[in-house]
J.: 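Following this message is one structure expressed as C-alpha coordinates.
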Amino acid sequence: MNLPSLWIGLLSGIFGGLVGLGGGVIAVPLMVSFLKLSQHRATATSLVAVVFTGLTGAFTYATQGAVDWVAALFIIPTAMIGARAGALFANQLSEWRLKRIFGWYLVAVALLLILKPYIPHVGEPVQGWLRVLPMGTAGVLAGFASGLLGVGGGTIIVPILVLLAGLEQHVAQGTSLLAMIPSALVGSYTHYKHGNLAQEVVVGLVIGIIGGAFAGGLVANHLPEFWLRVIFAAVLIWTAIRNLRGKPKPLEAHGSKP
(Lines give C-alpha, C1' and ligand atoms only; values in the text may rest on other atoms or scores of the structure.)
Protein backbone atom coordinates (compact mmCIF):
# COMPACT_ATOMS: atom_id res chain seq x y z
CA MET A 1 0.00 0.00 0.00
CA ASN A 2 1.18 3.52 -0.82
CA LEU A 3 1.35 5.23 2.60
CA PRO A 4 1.33 8.85 1.32
CA SER A 5 -1.87 8.11 -0.58
CA LEU A 6 -3.39 6.70 2.62
CA TRP A 7 -2.69 9.95 4.48
CA ILE A 8 -4.05 11.99 1.60
CA GLY A 9 -7.18 9.86 1.64
CA LEU A 10 -7.57 10.30 5.40
CA LEU A 11 -7.24 14.09 5.20
CA SER A 12 -9.62 14.28 2.24
CA GLY A 13 -12.17 12.05 3.93
CA ILE A 14 -12.00 13.94 7.23
CA PHE A 15 -12.48 17.33 5.59
CA GLY A 16 -15.26 15.98 3.39
CA GLY A 17 -16.99 14.29 6.31
CA LEU A 18 -16.84 17.46 8.40
CA VAL A 19 -18.73 19.58 5.87
CA GLY A 20 -20.63 16.98 3.88
CA LEU A 21 -18.59 17.00 0.67
CA GLY A 22 -16.84 14.30 -1.30
CA GLY A 23 -13.09 14.01 -0.89
CA GLY A 24 -12.21 14.85 -4.50
CA VAL A 25 -11.90 18.61 -3.96
CA ILE A 26 -9.10 17.93 -1.46
CA ALA A 27 -7.66 14.66 -2.80
CA VAL A 28 -6.93 15.97 -6.30
CA PRO A 29 -4.77 18.99 -5.31
CA LEU A 30 -3.01 16.94 -2.61
CA MET A 31 -2.12 14.21 -5.10
CA VAL A 32 -0.81 16.83 -7.50
CA SER A 33 1.26 18.57 -4.81
CA PHE A 34 2.63 15.66 -2.77
CA LEU A 35 2.46 12.62 -5.04
CA LYS A 36 3.52 14.68 -8.06
CA LEU A 37 0.74 13.26 -10.22
CA SER A 38 -0.36 15.21 -13.24
CA GLN A 39 -3.77 16.86 -13.02
CA HIS A 40 -5.13 14.27 -15.44
CA ARG A 41 -3.84 11.30 -13.39
CA ALA A 42 -5.06 12.82 -10.12
CA THR A 43 -8.51 13.33 -11.67
CA ALA A 44 -8.73 9.73 -12.86
CA THR A 45 -7.52 8.30 -9.55
CA SER A 46 -9.87 10.47 -7.50
CA LEU A 47 -12.86 9.13 -9.44
CA VAL A 48 -12.13 5.58 -8.24
CA ALA A 49 -12.30 6.85 -4.67
CA VAL A 50 -15.60 8.61 -5.48
CA VAL A 51 -17.10 5.21 -6.35
CA PHE A 52 -16.29 3.74 -2.94
CA THR A 53 -17.21 6.83 -0.93
CA GLY A 54 -20.48 6.94 -2.83
CA LEU A 55 -21.19 3.32 -1.97
CA THR A 56 -20.40 3.87 1.71
CA GLY A 57 -22.30 7.14 1.97
CA ALA A 58 -25.34 5.98 0.00
CA PHE A 59 -25.65 2.86 2.16
CA THR A 60 -25.52 4.99 5.32
CA TYR A 61 -28.20 7.37 4.05
CA ALA A 62 -30.35 4.49 2.75
CA THR A 63 -30.44 2.82 6.17
CA GLN A 64 -31.94 6.07 7.47
CA GLY A 65 -34.50 6.24 4.66
CA ALA A 66 -32.81 9.32 3.21
CA VAL A 67 -32.55 8.23 -0.43
CA ASP A 68 -35.10 8.98 -3.16
CA TRP A 69 -34.65 5.90 -5.35
CA VAL A 70 -36.88 7.15 -8.15
CA ALA A 71 -35.00 10.45 -8.38
CA ALA A 72 -31.69 8.56 -8.47
CA LEU A 73 -32.93 6.40 -11.35
CA PHE A 74 -33.70 9.55 -13.36
CA ILE A 75 -30.32 11.11 -12.58
CA ILE A 76 -28.09 8.10 -13.23
CA PRO A 77 -28.45 7.76 -17.05
CA THR A 78 -27.73 11.41 -17.81
CA ALA A 79 -24.94 11.49 -15.21
CA MET A 80 -23.24 8.54 -16.91
CA ILE A 81 -23.44 10.27 -20.29
CA GLY A 82 -22.12 13.49 -18.78
CA ALA A 83 -19.25 11.68 -17.00
CA ARG A 84 -18.01 10.09 -20.20
CA ALA A 85 -18.20 13.42 -22.02
CA GLY A 86 -16.36 15.16 -19.18
CA ALA A 87 -13.60 12.54 -19.07
CA LEU A 88 -13.10 12.70 -22.83
CA PHE A 89 -13.02 16.50 -22.72
CA ALA A 90 -10.47 16.45 -19.88
CA ASN A 91 -8.13 14.39 -22.05
CA GLN A 92 -8.32 17.06 -24.75
CA LEU A 93 -7.21 19.80 -22.38
CA SER A 94 -3.70 20.80 -21.44
CA GLU A 95 -2.54 20.39 -17.86
CA TRP A 96 -2.66 24.16 -17.33
CA ARG A 97 -6.22 24.59 -18.60
CA LEU A 98 -7.50 21.67 -16.55
CA LYS A 99 -5.93 23.17 -13.42
CA ARG A 100 -7.57 26.53 -14.09
CA ILE A 101 -10.99 24.95 -14.54
CA PHE A 102 -10.49 23.02 -11.31
CA GLY A 103 -9.51 26.27 -9.57
CA TRP A 104 -12.72 28.02 -10.59
CA TYR A 105 -14.72 24.97 -9.52
CA LEU A 106 -13.14 25.23 -6.06
CA VAL A 107 -14.15 28.89 -5.88
CA ALA A 108 -17.76 27.92 -6.67
CA VAL A 109 -17.72 25.18 -4.01
CA ALA A 110 -16.30 27.59 -1.42
CA LEU A 111 -19.05 30.13 -2.12
CA LEU A 112 -21.66 27.40 -1.92
CA LEU A 113 -20.33 26.38 1.51
CA ILE A 114 -20.65 29.94 2.79
CA LEU A 115 -24.16 30.37 1.36
CA LYS A 116 -25.40 26.88 2.27
CA PRO A 117 -27.62 27.98 5.22
CA TYR A 118 -29.33 30.55 3.04
CA ILE A 119 -30.35 28.19 0.23
CA PRO A 120 -34.17 28.15 0.38
CA HIS A 121 -36.31 25.05 0.13
CA VAL A 122 -39.01 25.49 -2.52
CA GLY A 123 -42.50 25.81 -1.12
CA GLU A 124 -44.19 24.10 -4.07
CA PRO A 125 -41.81 21.69 -5.83
CA VAL A 126 -42.54 20.63 -9.39
CA GLN A 127 -44.76 17.59 -9.68
CA GLY A 128 -45.21 14.64 -11.99
CA TRP A 129 -43.08 14.32 -15.10
CA LEU A 130 -41.84 17.89 -14.72
CA ARG A 131 -39.56 16.59 -11.97
CA VAL A 132 -37.63 14.66 -14.61
CA LEU A 133 -36.23 17.86 -16.15
CA PRO A 134 -34.27 19.17 -13.14
CA MET A 135 -33.10 15.67 -12.29
CA GLY A 136 -31.86 14.99 -15.80
CA THR A 137 -30.19 18.39 -15.94
CA ALA A 138 -28.52 17.81 -12.59
CA GLY A 139 -27.23 14.45 -13.83
CA VAL A 140 -25.68 15.86 -16.99
CA LEU A 141 -23.98 18.79 -15.24
CA ALA A 142 -22.75 16.79 -12.25
CA GLY A 143 -21.60 13.87 -14.40
CA PHE A 144 -19.65 16.19 -16.68
CA ALA A 145 -17.98 17.89 -13.71
CA SER A 146 -17.20 14.49 -12.20
CA GLY A 147 -15.53 13.14 -15.33
CA LEU A 148 -13.72 16.40 -16.00
CA LEU A 149 -12.42 17.17 -12.51
CA GLY A 150 -12.49 13.92 -10.52
CA VAL A 151 -15.13 15.11 -8.03
CA GLY A 152 -18.39 13.57 -6.89
CA GLY A 153 -20.70 16.19 -8.33
CA GLY A 154 -22.83 16.56 -5.20
CA THR A 155 -22.23 20.31 -5.12
CA ILE A 156 -24.25 20.47 -8.34
CA ILE A 157 -26.89 17.80 -7.76
CA VAL A 158 -27.87 18.67 -4.19
CA PRO A 159 -28.82 22.36 -4.75
CA ILE A 160 -30.84 21.46 -7.87
CA LEU A 161 -32.72 18.70 -6.05
CA VAL A 162 -33.43 21.03 -3.13
CA LEU A 163 -34.31 24.16 -5.10
CA LEU A 164 -36.17 22.69 -8.09
CA ALA A 165 -37.26 19.16 -7.19
CA GLY A 166 -38.18 20.02 -3.60
CA LEU A 167 -36.25 17.23 -1.89
CA GLU A 168 -35.28 17.65 1.76
CA GLN A 169 -31.56 18.41 2.23
CA HIS A 170 -30.55 15.03 3.69
CA VAL A 171 -32.57 13.12 1.10
CA ALA A 172 -30.95 15.19 -1.65
CA GLN A 173 -27.49 14.35 -0.29
CA GLY A 174 -28.22 10.63 -0.03
CA THR A 175 -29.74 10.57 -3.51
CA SER A 176 -26.74 12.41 -4.91
CA LEU A 177 -24.30 9.89 -3.41
CA LEU A 178 -26.20 6.97 -4.92
CA ALA A 179 -26.63 8.59 -8.34
CA MET A 180 -22.96 9.45 -8.75
CA ILE A 181 -21.65 5.89 -8.28
CA PRO A 182 -22.33 4.72 -11.88
CA SER A 183 -21.11 8.00 -13.38
CA ALA A 184 -17.86 7.82 -11.40
CA LEU A 185 -17.38 4.28 -12.71
CA VAL A 186 -17.88 5.47 -16.28
CA GLY A 187 -15.58 8.44 -15.80
CA SER A 188 -12.79 6.44 -14.16
CA TYR A 189 -12.98 3.75 -16.85
CA THR A 190 -12.79 6.37 -19.59
CA HIS A 191 -9.71 7.91 -17.96
CA TYR A 192 -8.24 4.42 -17.47
CA LYS A 193 -8.48 3.73 -21.20
CA HIS A 194 -6.44 6.88 -21.78
CA GLY A 195 -3.72 5.58 -19.42
CA ASN A 196 -4.32 8.15 -16.67
CA LEU A 197 -5.13 5.95 -13.68
CA ALA A 198 -2.38 5.83 -11.02
CA GLN A 199 -3.13 2.28 -9.89
CA GLU A 200 -0.41 2.27 -7.23
CA VAL A 201 -2.24 5.05 -5.39
CA VAL A 202 -5.81 3.75 -5.53
CA VAL A 203 -5.87 1.31 -2.58
CA GLY A 204 -4.41 3.70 -0.02
CA LEU A 205 -6.54 6.59 -1.24
CA VAL A 206 -9.80 4.63 -1.08
CA ILE A 207 -9.13 3.19 2.38
CA GLY A 208 -8.09 6.59 3.68
CA ILE A 209 -11.07 8.48 2.31
CA ILE A 210 -13.60 5.96 3.61
CA GLY A 211 -12.05 5.92 7.08
CA GLY A 212 -11.58 9.67 7.13
CA ALA A 213 -15.13 10.39 6.00
CA PHE A 214 -16.49 8.17 8.77
CA ALA A 215 -14.34 9.91 11.39
CA GLY A 216 -15.14 13.37 10.03
CA GLY A 217 -18.85 12.65 10.10
CA LEU A 218 -18.68 11.63 13.76
CA VAL A 219 -16.67 14.69 14.79
CA ALA A 220 -18.82 17.09 12.77
CA ASN A 221 -21.74 16.65 15.15
CA HIS A 222 -19.65 18.08 17.99
CA LEU A 223 -18.20 21.13 16.22
CA PRO A 224 -19.80 24.48 15.27
CA GLU A 225 -20.98 24.17 11.68
CA PHE A 226 -20.42 27.86 10.84
CA TRP A 227 -16.69 27.79 11.57
CA LEU A 228 -16.28 24.45 9.85
CA ARG A 229 -17.74 25.91 6.68
CA VAL A 230 -15.70 29.11 6.90
CA ILE A 231 -12.40 27.30 7.53
CA PHE A 232 -13.02 24.76 4.78
CA ALA A 233 -14.05 27.51 2.35
CA ALA A 234 -10.82 29.36 3.14
CA VAL A 235 -8.79 26.20 2.42
CA LEU A 236 -10.59 25.78 -0.90
CA ILE A 237 -10.03 29.42 -1.89
CA TRP A 238 -6.32 29.12 -1.07
CA THR A 239 -6.09 25.95 -3.16
CA ALA A 240 -8.03 27.60 -5.98
CA ILE A 241 -5.63 30.57 -6.05
CA ARG A 242 -2.69 28.19 -6.42
CA ASN A 243 -4.38 26.59 -9.42
CA LEU A 244 -5.42 29.88 -11.00
CA ARG A 245 -2.01 31.55 -10.59
CA GLY A 246 -0.14 28.80 -12.37
CA LYS A 247 1.36 29.62 -15.74
CA PRO A 248 1.32 27.36 -18.79
CA LYS A 249 4.49 25.64 -19.87
CA PRO A 250 5.93 26.81 -23.21
CA LEU A 251 4.39 23.84 -25.03
CA GLU A 252 0.97 24.47 -23.45
CA ALA A 253 1.12 28.18 -24.19
CA HIS A 254 1.07 27.31 -27.90
CA GLY A 255 -2.11 25.28 -27.45
CA SER A 256 -0.66 21.78 -27.40
CA LYS A 257 -1.49 19.13 -24.83
CA PRO A 258 1.68 17.73 -23.27
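Numbers for residues simply follow the sequence, beginning at 1. Values in this document were obtained by computation on a predicted structure and should not be read as measured data. These numbers come from the heavy atoms of this one structure, side chains and all, not from hydrogens, waters or symmetry mates.
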J.: Show which side-chain atoms of residues 2-9 pair as donor or acceptor with protein atoms under 3.5 Å away, not counting sequence neighbours.
T.:
unit_1	atom_1	unit_2	atom_2	d
N2	OD1	S5	N	3.0
S5	OG	N2	O	2.5
S5	OG	V201	O	3.4

J.: Determine the minimum heavy-atom distance between A71 and T175, stating which atoms define it.
T.: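 Shortest heavy-atom separation between A71 and T175 comes out as CB-CG2, 4.0 Å.
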J.: Any idea which heavy atoms bring G103 and A240 closest together, and the distance?
T.: O-CB, 3.2 Å
J.: Would you please test I26 and V235 for side chain to side chain contact (heavy atoms under 4.5 Å, CB included) and show each step?
T.: CA-CA 9 Å; I26 292 293; V235 172; 4.3 Å; yes
J.: At what distance, to the nearest 0.5 angstrom, does CG of N91 lie from CG of N196?
T.: 5.0 Å
J.: Should we count CZ of F52 as having more than 12 external heavy atoms under 6.0 Å?
T.: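 No.
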J.: Nearest 0.5 Å, please: how far is CD1 in I75 from OG in S176?
T.: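 Answer rounded to 0.5 Å: 7.0 Å.
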J.: Going by the rule side-chain contact (heavy atoms from CB on, under 4.5 Å), which residues pair with F89 if we only count those two or more places apart in sequence or in a different chain?
T.: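 F89 satisfies side-chain contact (heavy atoms from CB on, under 4.5 Å) with L93, F144, L148 once adjacent residues are dropped.
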J.: Rounded to the nearest 0.5 Å, what separates atom CD1 in I209 from atom CD1 in I207?
T.: 11.5 Å
J.: Provide the closest heavy-atom pair for L30 versus S12 in the form atom of the first, atom of the second, distance.
T.: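 Minimum heavy-atom contact is CD1-OG, 4.1 Å.
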J.: If I compare all heavy atoms of Y105 with all of A145, which pair ends up nearest, and what's the gap?
T.: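 The pair with the smallest heavy-atom distance is CE1-CB, 4.5 Å.
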J.: What distance do L205 atom CG and L10 atom CG have between them, rounded to the nearest 0.5 Å?
T.: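 One gets 10.0 Å once the value is rounded to the nearest 0.5 Å.
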J.: Short question: side chain of T53, backbone of V50 - any donor-acceptor pair under 3.5 Å?
T.: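 Answer holds: yes.
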J.: Quick check for you: to the nearest 0.5 Å, what is the distance between L236 atom CG and I231 atom CD1?
T.: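 CD1 of I231 is found 12.0 Å from CG of L236.
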J.: Check for me, please, whether L177 and V162 land in the same ILVMFWY cluster - side-chain distances under 4.5 Å, paths through other members count.
T.: no
J.: For A179 versus A79, what's the shortest heavy-atom pair and its separation?
T.: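 Of all heavy-atom pairs spanning A179 and A79, the closest is O-CB, 4.5 Å.
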J.: So, do L55 and I181 sit near enough that their side-chain heavy atoms are less than 4.5 Å apart?
T.: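 Side-chain contact under 4.5 Å: yes.
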J.: Hey, are the side chains of S46 and V151 touching, using non-hydrogen atoms and a 4.5 Å cut-off?
T.: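 The answer is no, as the side chains (C-beta and beyond) never meet within the 4.5 Å cut-off.
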J.: Do T45 side-chain atoms and A198 backbone N/O form a donor-acceptor pair below 3.5 Å?
T.: yes
J.: Strictly distance-based, threshold 3.5 Å: is any side-chain N or O of H191 a donor or acceptor partner for the main-chain N or O of G147?
T.: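 Indeed, once roles are kept as given, a pair shorter than 3.5 Å links the two residues.
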J.: Check step by step if side chain to side chain contact (heavy atoms under 4.5 Å, CB included) holds for L35 and R41.
T.: CA-CA 11 Å; L35 300 182; R41 296 192 78 203; over 6 Å; no
J.: Quick check: closest heavy atoms across V28 and G150, and the distance to 0.1 Å?
T.: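 What the structure gives for the nearest pair is CG2-O, 4.2 Å.
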J.: Report yes if the side chains of S146 and M180 come closer than 4.5 Å at any heavy-atom pair, otherwise no.
T.: yes
J.: Are M135 and V171 grouped together when hydrophobic residues (ILVMFWY) are joined by side-chain heavy atoms under 4.5 angstrom apart?
T.: yes
J.: With a 4.5 Å heavy-atom cut-off, do V230 and I114 have their side chains touching?
T.: yes
J.: Check whether L161 and M80 end up in the same hydrophobic cluster, where Ile, Leu, Val, Met, Phe, Trp and Tyr are linked by side-chain heavy atoms less than 4.5 Å apart.
T.: no
J.: Under 4.5 Å between side-chain heavy atoms, counting indirect links through other Ile/Leu/Val/Met/Phe/Trp/Tyr residues: same cluster for F59 and Y61 or not?
T.: no
J.: Is it possible for you to say whether V140 and L149 belong to one hydrophobic cluster, with membership spreading through side-chain heavy-atom contacts below 4.5 Å?
T.: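 No, separate clusters.
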J.: Measure the OG1-CG distance between T190 and L88 for me, rounded to the nearest 0.5 Å.
T.: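 One finds 5.5 Å between OG1 of T190 and CG of L88.
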J.: With a 4.5 Å cut-off on side-chain heavy atoms, are F232 and V25 touching?
T.: yes
J.: Taking the side chain from T43 and the backbone from Q39, do they hold a donor-acceptor pair closer than 3.5 Å?
T.: yes
J.: Let me see the working for W69 and L178 under side chain to side chain contact (heavy atoms under 4.5 Å, CB included), right down to the final yes or no.
T.: CA-CA 9 Å; W69 298 90; L178 175 63; 3.5 Å; yes
